[in-house]
Amino acid sequence: MSTERKRKVSLFDVVDEAAVSTKLARVNGSFTVGAAAPLLPVTINRWTGRTYSQRYFEILDKRKTLPVWQQKDEFLQVLRDNQTLILVGETGSGKTTQISCDLDDLLAEIRVLTAYFVIEQIPQFVLEADFLGKRPMVACTQPRRVAAMSVSRRVAEEMDVTIGEEVGYSIRFEDCSSAKTILKYLTDGMLLREAMADPLLERYKVIILDEAHERTLATDVLFGLLKEVLRNRPDLKLVVMSATLEAEKFQGYFNGAPLMKVPGRLHPVEIFYTQDPERDYLEAAIRTVVQIHMCETPGDILVFLTGEEEIEDACRKITKEINNLGDQVGPIKAVPLYSTLPPAMQQKIFEPAPAPLKEGGLPGRKIVVSTNIAETSLTIDGIVYVIDPGFSKQKVYNPRIRVESLLVSPISKASAHQRSGRAGRTQPGKCFRLYTEKSFNNDLQPQTYPEILRSNLANTVLTLKKLGIDDLVHFDFMDPPAPETLMRALEVLNYLGALDDDGNLTKLGEIMSEFPLDPQMSKMLVVSAEFNCSNEILSISAMLSELQFLNYFLMKQCWSRLYASADLLWASSVITILSIVPNCFVRPRDAQKAADEAKARFGHIDGDHLTLLNVYHAYKQNNEDPSWCFDNFINQRALKAADNVRQQLVRIMARFNLKLCSTDFNSRDYYVNIRKALLAGYFMQVAHLERTGHYLTVKDNQVVHLHPSNCLDHKPEWVIYNEYVLTSRNFIRTVTDIRGEWLIDIAPHYYDLINFPSCEAKRVLERLYSKREKDKQDTKNKK
DNA sequence: GAGCACTGC
């Protein structure tokens with residue numbers, strides 16, 4: 001029904017648009033009369049029909065000084081003569097964001113840059129193309145939400161239009177566009193969503209994929225999809241924007257499309273390497289900071305390290321060492337930066353360097369010590385020196401045993417390049433690489449290993465099926481995933497009932513594909529009404545999915561060789577292996593005991609899923625009060641985000657007429673029904689307690705341990721788990737007590753005993769099955 | 001009894 005209403009609105013808007021264009025024609029008509037007209041400056045905005053503001057001309061003058069402006073005519077000509085065009089250069093250098101989970105905060109804090117860059121200009125050039133018709137609609141994708149928002153706002157300003165009207169953006173939770181919109185910035189995942197409803201993307205005349213070199217999962221899927229669409233739509237044009245490193249690969253993939261180089265970065269950066277390899281990169285980084293501070297001209301320093309503890313440690317050591325130098329040097333301020341840092345602390349990176357201690361004294365310097373959050377997601381102006389030890393923490397996924405872990409690994413050349421670029425934002429800079437030039441050339445991988453090759457593809461396969469791609473094996477991936485990964489995904493979807501035995505999308509699968517969740521979770525949600533607890537499952541899903549933003553999906557950096565030898569690496573004690581902890585519960589260093597006690601108050605003896613439900617309920621009962629969150633060591637941002645997700649899920653449930661219901665809270669079945677519903681989605685993630693006292697995952701037979709963060713007060717015979725992580729041991733995290741009988745009731749096709757490796761769990765299930773048979777016989781006999 | 005790279009729908 002909501003689609004129906006939407007259609008009516010857009011019909012209305014088409015009428016409205018026609019009215020606008022007649023008005024426009026009239027305005028332009030009166031304007032172009034007379035031979036002298038072309039010499040006059042254009043004063044009427046052709047998109048709005050309004051007179052341009054003074055500010056428009058001020059910005060225009062600056063835009064005209066940009067190097068890319070020189071290439072406008074050439075660009076338009078190449079675009080006219082070709083269906084696909086690849087632009088290479090330093091993309092993505094014109095965005096600035098501040099860290100925050102809250103979109104409102106972000107909007108208030110986005111700072112306007114004084115420099116203008118390629119991705120703001122190219123779409124505007126496209127709109128000026130006369131060969132695309134009167135009001136061609138242009139889409140421009142970005143891998144990150146904030147980029148889509150901030151760039152579109154900037155462009156709306158440059159075009160002298162209101163954001164959300166002619167220029168807009170569309171991201172999850174927020175569609176700021178209208179029927180008037182001719183240029184829409186959106187996340188790559190969002191364009192993929194649009195393609196699910198409109199497979200030929202017919203509303204667009206031009207699609208621009210920015211930051212294509214980042215190779216996000218969504219971008220990779222769009223590549224293959226758009227290649228198909230371009231064949232079916234000769235009128236559609238595609239512009240791919242990428243960094244230079246793999247330009248030829250892109251060209252080869254897009255059938256020899258023309259390459260055009262565009263200038264990007266404003267200032268040169270001088271690169272320095274060490275003569276010999278460094279044994280201790282942390283020590284070397286601190287030493288380099290001190291040297292820069294003593295010997296180099298003023299300018300802030302950015303140091304890349306791998307994790308919170310290392311960063312805090314480095315900040316302390318830097319401050320100590322510089323203080324030891326006394327009056328010989330100016331004052332410094334060492335500022336840590338990582339994603340879990342409270343926002344108030346994060347703000348510190350934008351504070352100016354400290355002033356000289358006395359008038360005419362040595363200048364101060366700001367030293368930002370950061371994870372690779374500062375590599376792509378966040379830009380800090382004023383950085384002149386970058387220190388790059390060459391490592392970052394990267395997530396590794398092994399599809400064979402479905403285990404993920406985080407490990408400190410060497411970065412890629414592309415990543416090193418990106419890091420050094422951070423030095424040249426405001427003036428010429430210097431980058432100190434704490435490895436040898438030989439090592440850079442020979443040891444670092446050229447590119448970020450694409451996400452699609454190291455991800456669980458169950459969700460992607462479901463999306464592709466929904467997009468009408470039946471033959472996954474012959475789908476034109478730029479880097480085809482391993483056949484086993486695809487097979488594994490198909491198998492999981494078949495067990496969940498999303499695909500039938502021929503691999504075709506079922507009705508259930510179609511509904512599941514509409515949820516922005518992984519398939520197990522959407523299955524659980526879709527069937528939860530059958531267990532009379534969809535309200536509660538909604539809350540749990542929202543909480544889990546909010547946590548999964550942090551710990552389940554996608555992994556980013558380069559690591560192909562690591563991947564190939566991952567098993568060996570896991571065995572290696574040299575490499576630091578860390579896990580990712582969900583952040584719904586806050587545990588400050590100075591109040592760990594109080595935080596644990598607060599958490600225990602929410603604990604549910606049957607498991608962590610139910611504990612999450614308790615937290616959500618308590619949050620709502622306390623009117624989402626931030627001070628209540630603070631007092632109870634609850635991360636308010638996480639809860640707010642979960643609530644946001646929940647609302648979106650409710651809307652999708654309504655679209656498919658899925659009932660919202662709850663079991664009576666006083667009923668004995670209230671929690672039983674919830675636990676059963678969990679199993680309906682996650683029946684493939686069950687572990688059994690062996691007589692030895694260890695848990696074994698069912699079917700995979702991996703020895704696992706309950707993560708100590710769990711809140712069970714006993715060791716249940718059967719548990720369902722949300723994730724399996726490898727840190728110091730094999731852990732299953734977020735676990736809930738379930739009953740063996742439910743396995744054979746709810747997922748008999750998975751627990752069929754025929755393709756089941758022999759183990760204790762199998763023998764227990766066999767007993768349960770025969771007991772079930774016997775019970776059936778008994779009841780029959782009684783009758 | 002563990003220890004927090006980064007994003008997307």
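For clarity, every value in this text was computed on a predicted model and none was experimentally measured.
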Original post:
Would Glu214(A) and Arg144(A) pass as an ion pair if we require N to O under 4.0 Å?
Top reply: yes
Original post:
Could you state the CG-P distance from Asn372(A) to dA5(B), rounded to the nearest angstrom?
Top reply: 9 Å
Original post:
Under 4.0 Å between a Lys/Arg side-chain N and an Asp/Glu carboxylate O for Glu451(A) and Arg215(A)?
Top reply: no
Original post:
Rounded to the Å, how far apart are Ile732(A) CD1 and dG1(B) C1'?
Top reply: 15 Å
Subject >> Contacts of type salt bridge (Lys or Arg N to Asp or Glu O under 4.0 Å), residue Asp198(A), not counting sequence neighbours >> reply: Arg203(A)
Original post:
Taking the side chain of Ile171(A) as its heavy atoms from C-beta onward, which of dA5(B), dC9(B), dA2(B) lies nearest to it?
Top reply: dC9(B)
Original post:
Think Arg145(A) has a side-chain N or O under 4.0 angstrom from the OP1 or OP2 of dC9(B)?
Top reply: yes
**OP:** Have a look at Ser709(A) and say if it touches a base, only the backbone sugar-phosphate, or nothing, with a 4.0 Å heavy-atom cut-off.
**Re:** nothing
Original post:
Would you call Glu510(A) and Lys465(A) a salt bridge, using N to O less than 4.0 angstrom?
Top reply: no
Subject >> Gap between atoms CG and C1', on Leu186(A) and dG8(B) respectively (whole Å) >> reply: 12 Å
Original post:
So, is Thr187(A) near the phosphate of dC9(B), with a side-chain N or O under 4.0 Å from OP1 or OP2?
Top reply: yes
**OP:** Mind calculating the distance between CZ (Arg729(A)) and P (dA2(B)) to the nearest angstrom?
**Re:** 7 Å
Subject >> Gap between atoms CG and P, on Leu191(A) and dC9(B) respectively (whole Å) >> reply: 12 Å
**OP:** Measure from the side-chain heavy atoms of Pro708(A) and tell me the nearest of dG8(B), dA2(B), dA5(B).
**Re:** dA2(B)
Subject >> Proximity to the side chain of Phe731(A) - top-ranked nucleotide from dC9(B), dG8(B), dA2(B) >> reply: dA2(B)
**OP:** Please report, rounded to the nearest Å, how far the P atom of dC9(B) is from the CZ atom of Arg193(A).
**Re:** 9 Å
Original post:
For Thr371(A) and Pro516(A), take the nucleotide of DNA chain B holding the closest heavy atom to each; which residue's nucleotide lies nearer the 5' end?
Top reply: Thr371(A)
Original post:
Parallel, tilted or perpendicular: which describes the rings of His609(A) and Tyr682(A), with under 30° parallel and over 60° perpendicular?
Top reply: tilted
Original post:
Within this structure, what is the CE-to-C1' distance between Met521(A) and dC9(B), rounded to whole angstrom?
Top reply: 13 Å
**OP:** Report the distance from atom CG of Asp518(A) to atom C1' of dC9(B), rounded to the nearest whole Å.
**Re:** 12 Å
